[in-house]
Structure formats: structure tokens, C-alpha cells
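Each ligand, and each atom within it, is numbered from 1 in the order the structure gives.
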Amino acid sequence: MTAASAWDDVDRYFHQHLIGDDPALDGALQRAAVAGLPAHDVAPNQGKLLYLLARMCGARRVLELGTLAGYSTIWLARAATEVVSLELVPEHAAVAGENLRAAGLADRVTILTGDAVEGLATLEEPFDLVFLDADKQRNPEYLEHALRLTRPGGVIVADNVVRDGAVVDASSDDPRVTGVRRFTEALGAAAGVTATAVQTVGSKGWDGFVLALVEGAERQAR
Ligand code: SAH
Ligand code: DHB
Ligand code: MG
């Protein structure tokens, strides 16, 4: 058994016992495939992790950068009362809109079509959870907005921070890698936020998340 197929088997096992069948999510992936969208959605267990994190921090307002077909958006919208999701490509936003309607979640989600930096400039705090999953080269800029928009006690999650281990290549000229490295280093140096990163393997290969907690005033004073 190759490592990658064992990762798939383990994902399937936990999916079967802890997540189960989910017609809305299956339908979303099917519509995305039919529309020819890239299969860059989070894996089911990662989507449920987003859902759990949102519930664990009592999230009501969630901000997402990078909607694609709305797969992660569905998970987040099930946990929260309001999701704002920013998506550059109108065809992606259209499929996501259809998927959210089919999932019965359209009334909780606002998709802002256009460049995330432009959308971000129009948004005001407080968000309880921010999920960064758009163009990774711009993560350093997105971090500044996320820190501005997340309430104390809120959570910032960034996807695709490992990319088959490329994150440790200090000489990489891939802007996604340099973007994630600058993001990570800025996050580590930022005041008022504490973070970690977790590597993942599974049906989406070898990748990982950054998880960050924005500190409340009491902690910052200690
Ligand atoms: N969060 C989704 C996957 C997002 S894939 C999920 O897990 O289901 C990344 C998305 O970011 C793509 O749809 C891409 O079009 C979008 N994107 C890329 N650059 C962007 C930008 N500058 N502003 C907003 N969205 C962007
Ligand atoms: C890519 C983007 C993603 O958000 C993801 O989860 C996987 C891959 C990409 O642009 O290659
Ligand atoms: Mg991603």
C-alpha cells in the first residue's frame, strides 16, 4: 500500500464514522466538477474542522477569503449566523451561490465578487473567525486585515501553508511559498496573537493549516 492510498483510506474511515453522508456537500462538489472548477476545496474532515472551530469559539460572524464552489463556505455557514465570503472569479461565485441555495444556506452568506483586497477594505470588525484561502501570495496583506477584523478571542485559520513541504524552502521563488513564509513570520512577530501550524496528510495530499487566536485585553496585559 502506498502512503497516499493509506492516507485516503484513513480519511474515508473517519469520514464514515464521524461525518457521514451529506447530500448538500456531495451536490456542491458535483456541481463544481460539472462546471470545471479546480478541486481545491478543503477535504471533508478539514471542512468539519472549520465547522468545529467556528462552534468552539461561538462564532456568529465569519469571514472567508476564497469561496471557490462554496464547499468550505457551507461548513462555516452551518456553524455561524453570517458568513461573508470573498471570491475573485465570477464563475466560481456563481457556482457557490447555487451550492449555497441548494444547501439552504443562501440567506446567511454574502459572496462579494471581486479582488479580496478591495472587498476587505469595505469590511468592518468584528468577525469571530477568519478563514484565509484565496491567493496565498497575498497572505501577508490578508493577515493585516484579518488582525484588524477579528475580535479578541476570535480565530484566524489559513489553509495550504505546507504545500508538500515547500514552505521550508527559503530560496523558493514561487510567490505562494514566499507569501506563506512572509505571512508565517509576520504572524509570529505580531503582538496580540498566538498561533501554531499543523501539517496534514489525506485525500488532499500533504499540506497544513495555521491556527491563530487573537488575544483578549486581559491576556495582552499579562
Ligand atoms: N475555500 C474553498 C477553496 C478556495 S480555492 C474551499 O475550501 O472550498 C481559492 C479561491 O480563491 C479560488 O476560487 C480563487 O478564484 C480565489 N481567489 C484567488 N485570488 C483571489 C483574490 N485576489 N481575491 C479573492 N479570491 C481569490
Ligand atoms: C490550491 C489552492 C487551495 O486553496 C487549495 O486548498 C489547494 C490548492 C492551488 O491554488 O493550487
Ligand atoms: Mg485551500
I'd like to know: is the Mg ion (ligand 3) within the 2.8 Å range of an N/O/S atom from [X], strictly under that distance?
X: D159; answer: yes
X: S72; answer: no
X: D133; answer: yes

Per-atom contacts, ligand 1 versus [X] - under 4.0 Å to a heavy atom:
X: G114; answer: 23 (N), 24 (C)
X: T67; answer: 2 (C)
X: D41; answer: 6 (C), 7 (O), 8 (O)
X: E64; answer: 1 (N)
X: V89; answer: 15 (O)
X: H40; answer: 3 (C)
X: Y142; answer: 21 (C), 22 (N)
X: A134; answer: 11 (O), 25 (N), 26 (C)

What's the shortest distance from [atom] to any protein heavy atom, and which residue and atom give it?
atom: atom 15 (O) of ligand 1; result: E87 OE2, 2.6 Å
atom: atom 23 (N) of ligand 1; result: A116 N, 2.9 Å
atom: atom 26 (C) of ligand 1; result: L88 CB, 3.5 Å
atom: atom 21 (C) of ligand 1; result: D135 OD1, 3.5 Å
atom: atom 3 (C) of ligand 1; result: D133 OD2, 3.2 Å
atom: atom 8 (O) of ligand 1; result: S72 N, 3.1 Å
atom: atom 7 (O) of ligand 1; result: V42 N, 2.9 Å
atom: atom 2 (C) of ligand 2; result: H40 ND1, 3.6 Å

In terms of atom number and element, which parts of ligand 2 are under 4.0 angstrom from non-hydrogen atoms of [X]?
X: N160; answer: 3 (C), 4 (O), 5 (C), 6 (O), 7 (C)
X: K136; answer: 2 (C), 3 (C), 4 (O)
X: D159; answer: 6 (O)

[X] and [Y]: same hydrophobic cluster, using ILVMFWY side-chain contacts below 4.5 Å?
X: V34; Y: L29; value: no
X: L147; Y: L53; value: no
X: L149; Y: L112; value: yes
X: L143; Y: V162; value: yes

Ligand 1 contacted by W75 (non-hydrogen, < 4.0 Å):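 Heavy atoms of W75 never come under 4.0 Å of ligand 1.
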When you measure from the heavy atoms of Q46 to every atom of ligand 1, does any distance fall below 4.0 Å?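 The answer is no, since Q46 has no heavy atom less than 4.0 Å from ligand 1.
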Test of understanding: given a 4.0 Å heavy-atom threshold, classify the contact between D41 and ligand 2 as side chain, backbone, both, or neither. neither
Ligand 2-proximal atoms of K204, by part, heavy-atom distance under 4.0 Å: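 It is neither part, as no heavy atom is under 4.0 Å.
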Salt bridge check: are R138 and D115 linked by an N-O gap of less than 4.0 Å? yes
Presence of salt bridge, R61 and E82, under 4.0 angstrom: yes
More than 12 heavy atoms of other residues, nucleotides or ligands under 6.0 Å from [atom1] of [X]: is that the case?
X: D21; atom1: CG; value: no
X: R151; atom1: CZ; value: yes
X: E185; atom1: CD; value: yes

Out of D135, D133, V42, D207, whose heavy atom sits nearest atom 4 (O) of ligand 2? D133
Is any side-chain heavy atom of T200 closer than 4.5 Å to a side-chain heavy atom of F209? yes
Could you tell me whether ligand 2 has any atom less than 4.0 Å away from a heavy atom of Q46?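 No, Q46 has no heavy atom closer than 4.0 Å to ligand 2.
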When you measure from the side chain of E87 to the backbone of L68, do you find a donor-acceptor pair of N or O atoms at a distance under 3.5 Å? yes
For the backbone of Y51 and the side chain of R78, can you confirm whether one donor and one acceptor N or O come within less than 3.5 Å of each other?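 Here the side-chain-to-backbone pair does not exist.
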Chi angles and distances behind the side-chain hydrogen bond (donor to acceptor under 3.5 Å, both in side chains) call for R148, H145: CA-CA 5 Å; R148 171 177 71 81; H145 282 283; 2.9 Å; yes
Consider only side-chain N and O atoms of S203 and D11, and report whether a donor and an acceptor are under 3.5 Å apart. yes
Can E64 and S72 be counted as having a side-chain donor-acceptor contact under 3.5 angstrom?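 Checked: E64/S72 side chains pair up, N/O donor to acceptor below 3.5 Å.
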Of V83, L50, L63, which meets side-chain contact (heavy atoms from CB on, under 4.5 Å) against F131? L50
